[in-house]
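Below, chains carry the letters A, B, ... as their sequence lines are ordered, and counting in each starts from 1. Any value given below was found using the heavy atoms of this structure, including those in side chains, with hydrogens, waters and symmetry copies removed.
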Protein chains: 2
Amino acid sequence: MRPTQQRLALAKLLFAGHDRHVTAELLHGEALSAGASLSLATVYNTLNQFMQAGLLRQVIVDGARIHFDTNTGDHHHFYLEGEDRLIDIPGRDVRIDGLPKAPAGTEIQRVDVVVRLKGR
Amino acid sequence: MRPTQQRLALAKLLFAGHDRHVTAELLHGEALSAGASLSLATVYNTLNQFMQAGLLRQVIVDGARIHFDTNTGDHHHFYLEGEDRLIDIPGRDVRIDGLPKAPAGTEIQRVDVVVRLKGR
DNA sequence: CTGTGTGCAAACTCTTTGCATAAGT
DNA sequence: ACTTATGCAAAGAGTTTGCACACAG
């Protein structure tokens, strides 16, 4: 994977600080605002490449959009429906009991917990 | 909501037996096979109406498709990635401990657990 | 005859793909 | 030059919407 201008710009936005949750469109907007010049398609491709490289993870909460998460470790999410926003829940603290064992011929790949929040 | 032919055909397929998980496209196919005559758009509209009526619930696991679940009670899901198939996990049996409390100004609407399975 | 509600063609949104172009050897 | 990889326009997949038509009162 070559360190092109587009990829560097996105990497910088994604990994510069703390963990982030972004959608392709949001990141595209940020990149443009930061002066970079790339298309939304390139953002998607880059996000998928970063994902394959293990730098990023998808979070499915919304059906309409895919969210990408720079935190690839074991954790879960609060999802604020109104604002379409994600907040990490550290995986260490959470314990899930009473799950049936995986059906024959399958094995568990991951357990995702999504706590859906409603603004009050 | 009028009991039109289209709605009756779909209701019959959805609620005739045990609980089901369907996508719009799958249900459309079944309806056509059963001799009904309706468009995919109508299936979507009808599913959304059933949902508003509280007869159905959406399950978001895939990002590409929306799954509809005739089981509206408290429960969770196994998701078989390869086959794009859902299996219910009764909510009674599952206990989740250690979740942080909801951020100020928000309240928990629902907690969804998805156990992602990989065929072996 | 009038008004409410229905079903579907067409539109829309998000994401992926095919290909001309660019970069490296 | 030749090969591999890149970025984006255009296509694809899933879902929603606007509107002509049907049905009930």
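Using a 4.0 Å heavy-atom distance criterion, B:N45 is classed as a base contact. Within 4.0 Å (heavy atoms only), B:L40 reaches at least one base atom of the nucleic acid.
Here the CG atom belonging to A:L55 is positioned 10.0 Å from the OG1 atom belonging to A:T70, to the nearest 0.5 angstrom.
Ring pair A:H67/A:Y79 is perpendicular by interplanar angle, where above 60° counts as perpendicular and below 30° as parallel.
With a 6.0 Å radius and a threshold of 12 heavy atoms from other residues, nucleotides or ligands, B:E25 has its CD atom at or below the threshold.
Where A:Q49 and A:A41 each meet DNA chain D at their nearest nucleotide, the meeting point lying more 5' is that of A:Q49. Across the interface with DNA chain C, nearest-nucleotide mapping of B:S37 and B:G63 shows B:S37 to be the residue nearer the 5′ end.
At least one side-chain nitrogen or oxygen of A:T42 sits closer than 4.0 Å to the OP1 or OP2 atom of D:dC8. One finds no side-chain N or O of A:R2 lying less than 4.0 angstrom from the OP1 or OP2 phosphate oxygen of D:dA5.
Distance alone, capped at 3.5 Å, places no donor-acceptor pair between the A:R7 side chain and the A:F50 backbone.
One can place CD of B:Q52 at 12 Å from P of C:dT6, the figure rounded to the nearest angstrom. If you measure from atom OH of B:Y44 to atom C1' of C:dA10, you get 15 Å, rounded to the nearest angstrom. In this structure, B:L26 places its CG atom 18 Å from P of D:dA13, rounding to the nearest Å. The nearest whole Å value for the distance from the NE2 atom in B:H28 to the C1' atom in D:dT16 is 16 Å. We find that CD1 of A:I66 is positioned 15 Å from P of D:dA13, with the value rounded to whole Å. In this structure, CG of B:D62 is placed 11 Å from P of C:dT16, rounded to the nearest angstrom. The distance between atom CD1 of A:I60 and atom P of D:dG14, rounded to the nearest whole Å, is 14 Å. Between A:N48 atom CG and D:dA5 atom P there is a gap of 17 Å when expressed in whole angstrom units.
One side chain, B:D88 or B:H21, offers a donor N or O that lies under 3.5 Å from an acceptor on the other.
Here the side chains of A:E81 and A:L117 are not in contact, with every heavy-atom distance at 4.5 Å or above.
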Using residues 99-110 of chain A as the side-chain source, report each donor-acceptor pair under 3.5 Å to any protein atom, sequence neighbours left out, with the distance given to one decimal.
| unit_1 | atom_1 | unit_2 | atom_2 | d |
| --- | --- | --- | --- | --- |
| A:T106 | OG1 | A:P103 | O | 2.6 |
| A:R110 | NH1 | A:D112 | OD1 | 3.0 |
| A:R110 | NH1 | A:D112 | OD2 | 3.3 |

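The stretch residues 3-13 of chain B touches DNA chain C through B:T4, B:Q6, B:R7, each having a heavy atom within less than 4.0 Å of the strand.
Closest contact between the side chain of B:E25 and the listed nucleotides D:dT15, D:dG14, D:dC8 involves D:dG14.
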